[in-house]
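Have a look at the structure below, then the notes.
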Amino acid sequence: MKKQLYIYVGLIILFVAYNFYKPIKDDRLDAVINILFASVLFLYIAYIAYLVLRNMGKKGK
C-alpha cells in the first residue's frame with residue numbers, strides 16, 4: 001500500500017509543479033492538460049480506495 005501512496009504523492013507534486021511554473025502559454029491547451037491531470041489524480045485515488053476496500057473485505061473473512 002505504501003507504493004501506491006508514494007506514487008500518488010509524486011503525482012500531486014508533479015501537478016503542483018506544473019501549475020506553479022506554467023510552461024505552456026496557450027490557455028486552452030493548459031486547461032486541457034489541467035483537466036486531464038486532475039482526472040488522472042481522481043482516478044488513481046479511486047483505485048487506492050478500491051484496494052483498501054478489497055483488503056478490508058479479505059480481512060473480514
inquiry  = Clusters formed by hydrophobic residues whose side-chain heavy atoms approach within less than 4.5 Å: which one holds Ile33, and what are its other members?
reply    =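 Members besides Ile33, by chain and number: Tyr18, Ile24, Leu29.
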ask   = Can you list the other members of the hydrophobic cluster that holds Val32, where links are side-chain heavy atoms under 4.5 angstrom apart?
value =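 Leu36, listed by chain and number.
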Could you give all pairs that pass the salt bridge (Lys or Arg N to Asp or Glu O under 4.0 Å) test and reach [range], with sequence neighbours left out?
{"range": "residues 32-50", "result": "none"}
{"range": "residues 31-42", "result": "none"}
{"range": "residues 29-41", "result": "Lys22-Asp30"}
{"range": "residues 41-55", "result": "none"}

Calculate, to the nearest 0.5 Å, the distance between atoms [atom1] and [atom2] belonging to [X] and [Y] respectively.
{"X": "Lys2", "Y": "Ile7", "atom1": "NZ", "atom2": "CD1", "answer": "14.5 Å"}
{"X": "Leu5", "Y": "Ile48", "atom1": "CG", "atom2": "CD1", "answer": "5.0 Å"}
{"X": "Asn34", "Y": "Asp27", "atom1": "CG", "atom2": "CG", "answer": "10.5 Å"}

request  = Tell me whether Val16 is reachable from Val9 by hopping between hydrophobic residues (I, L, V, M, F, W, Y) whose side-chain heavy atoms are closer than 4.5 Å.
outcome  =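 Result: no, two separate clusters.
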query = Do any pairs count as a ring pair (Phe, Tyr, Trp, His ring centres under 6.0 Å) and have a residue in residues 31-51, sequence neighbours left out, and if so which ones?
reply =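 Listed by first then second residue: Phe15-Phe37, Tyr44-Tyr47.
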key: Heavy-atom pair with the smallest gap, counting every atom of Tyr8 and Leu41   =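 Scanning both residues completely, I find the closest heavy atoms to be CE1-O, 3.5 Å.
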